[in-house]
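Working notes, beginning with the structure itself.
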Amino acid sequence: MEDFEDDPRALGARGHRRSVSRGSYQLQAQMNRAVYEDRPPGSVVPTSAAEASRAMAGDTSLSENYAFAGMYHVFDQHVDEAVPRVRFANDDRHRLACCSLDGSISLCQLVPAPPTVLRVLRGHTRGVSDFAWSLSNDILVSTSLDATMRIWASEDGRCIREIPDPDGAELLCCTFQPVNNNLTVVGNAKHNVHVMNISTGKKVKGGSSKLTGRVLALSFDAPGRLLWAGDDRGSVFSFLFDMATGKLTKAKRLVVHEGSPVTSISARSWVSREARDPSLLINACLNKLLLYRVVDNEGTLQLKRSFPIEQSSHPVRSIFCPLMSFRQGACVVTGSEDMCVHFFDVERAAKAAVNKLQGHSAPVLDVSFNCDESLLASSDASGMVIVWRREQK
């Protein structure tokens with residue numbers, strides 16, 4: 001990776017249908033020192049000594065944990081336009097939202113049955129590229145190809161504020177600062193990352209930086225001190241985030257593969273439990289899902305391993321499973337252009353595939369688990385959203 005000096009720039013027309021188919025780090029380090037000595041170098045997953053954690057998740061294998069009973073529900077209100085993003089609300093089992101290139105966002109409720117579309121948020125004049133829930137789920141922020149971001153009240157669907165992109169460019173991705181939800185980071189088609197204050201509608205001084213291409217993916221680490229941004233030229237940049245001011249300082253650059261768009265970045269900090277290293281999950285149009293180790297406090301990345309999927313052109317995304325840090329073994333989930341949802345065990349040296357869900361009729365673009373992993377949602381390029389129900393043990 002490259003080093004950088006401080007950079008001063010530093011209900012829709014269609015309905016929906018039900019389917020009948022089936023702390024302290026020091027203390028933690030002391031607790032795990034003996035275990036780490038027995039692990040292979042660079043191991044990044046929970047250990048076999050994590051008895052208490054495994055008990056919370058159930059004493060079952062990953063394959064058993066990620067066996068699905070079939071489709072729970074299918075939402076098709078956005079059919080004919082891609083749904084690039086689907087997300088469960090934070091720490092929530094039954095609230096789901098998805099955005100569409102038809103310019104709208106749907107808020108859905110899965111319980112009580114039957115699942116329903118609570119409201120559709122309209123206002124963007126072009127496709128919605130991304131959105132994010134605030135930590136308390138009372139606010140959503142969305143970005144659009146119409147060069148604006150909008151702030152929405154989730155309770156009534158009201159648009160609280162419309163904020164134009166500082167460069168007048170298409171906005172392609174967004175993420176909340178995890179500690180200060182008054183700040184949102186957006187990426188645009190003019191290669192810029194901006195930290196925006198959603199209360200004032202202004203960009204933060206020193207909170208802008210330029211990448212080498214269109215900014216397609218953003219992700220913070222859990223403490224909110226490191227930000228990674230990926231572009232359509234195949235680069236991932238890390239930034240140091242000043243918690244007091246919102247200033248960005250460019251730190252490192254990794255070229256995943258020259259010219260291959262980085263369409264998804266997902267960060268997971270495992271250092272607070274039995275596992276050793278923070279990690280990053282990346283999709284980059286290479287027909288592979290890539291797992292990187294974060295090796296220092298500047299966000300330097302080192303490739304850990306890769307998993308075979310089909311992705312050469314679509315903006316496919318992936319996630320870490322929410323409960324993976326409680327188990328022996330660790331699972332990740334990704335969309336794919338083969339119209340399937342793929343599950344991989346990042347610890348298994350051979351035959352890492354854990355499960356594959358089939359049911360979509362177009363490339364699967366995004367996946368999202370609810371907080372207890374009882375439901376998984378996936379969206380595709382034809383506008384279909386499928387909610388899958390995990391088998392009950």
Side-chain angles (χ1 to χ4, degrees), residues 11-17 73-111 114-165 170-177 181-188 196-201 218 315 317 365-368 370 375 377-387:
L11 240 167
R14 289 178 173 82
H16 47 87
R17 63 180 182 271
H73 194 77
V74 177
F75 290 100
D76 63 357
Q77 66 270 17
H78 297 296
V79 164
D80 296 335
E81 293 284 355
V83 173
R85 177 68 93 173
V86 59
R87 285 183 165 184
F88 278 94
N90 295 303
D91 298 319
D92 198 290
R93 297 179 62 191
H94 302 127
R95 262 195 300 175
L96 179 72
C98 58
C99 67
S100 171
L101 294 186
D102 66 11
S104 67
I105 304 165
S106 293
L107 303 183
C108 308
Q109 185 76 32
L110 303 181
V111 171
T116 58
V117 177
L118 294 176
R119 57 189 57 88
V120 177
L121 312 183
R122 293 189 173 91
H124 285 296
T125 58
R126 294 184 62 194
V128 181
S129 55
D130 198 3
F131 77 95
W133 293 91
S134 67
L135 188 61
S136 58
N137 297 322
D138 57 336
I139 297 293
L140 286 91
V141 62
S142 62
T143 53
S144 172
L145 305 181
D146 66 7
T148 69
M149 61 183 295
R150 283 178 176 252
I151 316 303
W152 310 86
S154 61
E155 184 175 357
D156 57 13
R158 174 173 47 94
C159 180
I160 300 171
R161 185 184 294 274
E162 180 183 8
I163 304 173
D165 176 63
E170 295 178 342
L171 284 170
L172 307 175
C173 54
C174 62
T175 187
F176 275 104
Q177 209 285 338
N181 274 191
N182 198 46
L183 300 179
T184 301
V185 183
V186 298
N188 71 22
M196 306 294 296
N197 186 313
I198 64 173
S199 294
T200 65
L218 296 164
R317 300 179 187 269
L365 303 182
D366 196 19
V367 288
S368 179
N370 67 352
L375 297 171
S378 54
S379 64
D380 68 30
S382 72
M384 194 76 72
V385 174
I386 299 178
V387 181

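We use all heavy atoms of the structure for the numbers below, so side chains are in, but hydrogens, waters and symmetry mates are not. This chain uses plain numbering: 1 for the first residue, then up along the sequence.
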Notebook entry, point to check: How many angstroms lie between NE2 in H124 and OG in S104, if you round to the nearest 0.5 Å?
Noted result: 10.0 Å
Checklist line | Spatial distance of atom NE2 (H78) from atom CD1 (I105) [nearest 0.5 Å] | finding: 8.5 Å
Note to self: The test is side-chain contact (heavy atoms from CB on, under 4.5 Å); show your working for C98 and F75 and say whether it passes.
What the structure shows: CA-CA 10 Å; C98 58; F75 290 100; over 6 Å; no
Next item on the list: Kindly give the heavy-atom pair with the smallest separation between V141 and C174, and that separation in Å.
Entry: O-SG, 3.9 Å
Checklist line | Minimum heavy-atom distance A97-F131, with the two atoms named | finding: O-CZ, 3.3 Å
Notebook entry, point to check: Is there a donor-acceptor contact under 3.5 Å from the side chain of D76 to the main chain of V79?
Noted result: no
Next item on the list: Name all residues meeting the side-chain hydrogen bond (donor to acceptor under 3.5 Å, both in side chains) criterion together with D165; count only those two or more places apart in sequence or in a different chain, and write none if there are none.
Entry: N188
Next item on the list: Answer yes or no: does atom CG of D91 have more than 12 heavy-atom neighbours from other residues, nucleotides or ligands under 6.0 Å?
Entry: no
Margin query: Using side-chain heavy atoms (C-beta onward) and a distance below 4.5 Å, is D138 in contact with E155?
Written below: no
Notebook entry, point to check: Under 3.5 Å, is there a donor-acceptor pair between the side chain of D146 and the main chain of T125?
Noted result: yes
Checklist line | Nearest heavy atoms of R119 and S154, plus distance in Å | finding: NH1-O, 3.2 Å
Notebook entry, point to check: Which atom names give the shortest non-hydrogen contact between P84 and S379, and what distance separates them?
Noted result: C-OG, 4.4 Å
Check: Heavy atoms, side chains only, cut-off 4.5 Å: are D366 and V83 in contact?
Finding: no
Checklist line | Minimum heavy-atom distance between S129 and R317, given as atom pair plus value | finding: O-NH2, 4.1 Å
Check: Rounded to the nearest 0.5 Å, how far does OG of S382 lie from CD of E81?
Finding: 11.0 Å
Next item on the list: Please answer whether the main-chain N or O of T175 pairs with a side-chain N or O of T184 as donor and acceptor at a distance below 3.5 Å.
Entry: no
Check: So do L121 and L107 actually touch side chain to side chain, heavy atoms under 4.5 Å?
Finding: yes
Notebook entry, point to check: CG of N90 to CG of L135: how many Å apart, nearest 0.5 Å?
Noted result: 6.0 Å
Next item on the list: Report yes or no: does S368 contribute a side-chain atom to a donor-acceptor pair with the main-chain N or O of F88 at less than 3.5 Å?
Entry: yes
Next item on the list: With sequence neighbours left out, write down each residue that passes salt bridge (Lys or Arg N to Asp or Glu O under 4.0 Å) with D92, or none if nothing qualifies.
Entry: R95
Margin query: Please report the interatomic distance SG(C99) to CG(L140), rounded to the nearest 0.5 Å.
Written below: 10.0 Å
Check: Distance-only, no hydrogens or angles: does the W133 side chain make a donor-acceptor pair with backbone N or O of R87 under 3.5 Å?
Finding: yes
Margin query: Quick check for you: to the nearest 0.5 Å, what is the distance between L110 atom CG and N370 atom CG?
Written below: 8.0 Å
Check: Stepwise, does the side-chain contact (heavy atoms from CB on, under 4.5 Å) test hold for Q177 with V185?
Finding: CA-CA 7 Å; Q177 209 285 338; V185 183; 5.6 Å; no
Check: For R161, what residues pass the salt bridge (Lys or Arg N to Asp or Glu O under 4.0 Å) criterion, not counting sequence neighbours?
Finding: none
Check: Partners of S199 by side-chain hydrogen bond (donor to acceptor under 3.5 Å, both in side chains), sequence neighbours excluded?
Finding: N182
Check: Side chains of V86 and L96: closer than 4.5 Å at any heavy-atom pair?
Finding: yes
Next item on the list: Looking only at non-hydrogen atoms, find the nearest pair between R126 and L145 and report the distance.
Entry: NH1-O, 3.0 Å
Note to self: D130: which residues meet the salt bridge (Lys or Arg N to Asp or Glu O under 4.0 Å) condition with it, sequence neighbours left out?
What the structure shows: R85
Margin query: With a 4.5 Å cut-off on side-chain heavy atoms, are R93 and L375 touching?
Written below: no
Item checked: Listed partners of E162 passing salt bridge (Lys or Arg N to Asp or Glu O under 4.0 Å), at least two apart -> R150
Notebook entry, point to check: Are L183 and N197 side-chain neighbours, meaning at least one heavy-atom pair lies under 4.5 Å?
Noted result: yes
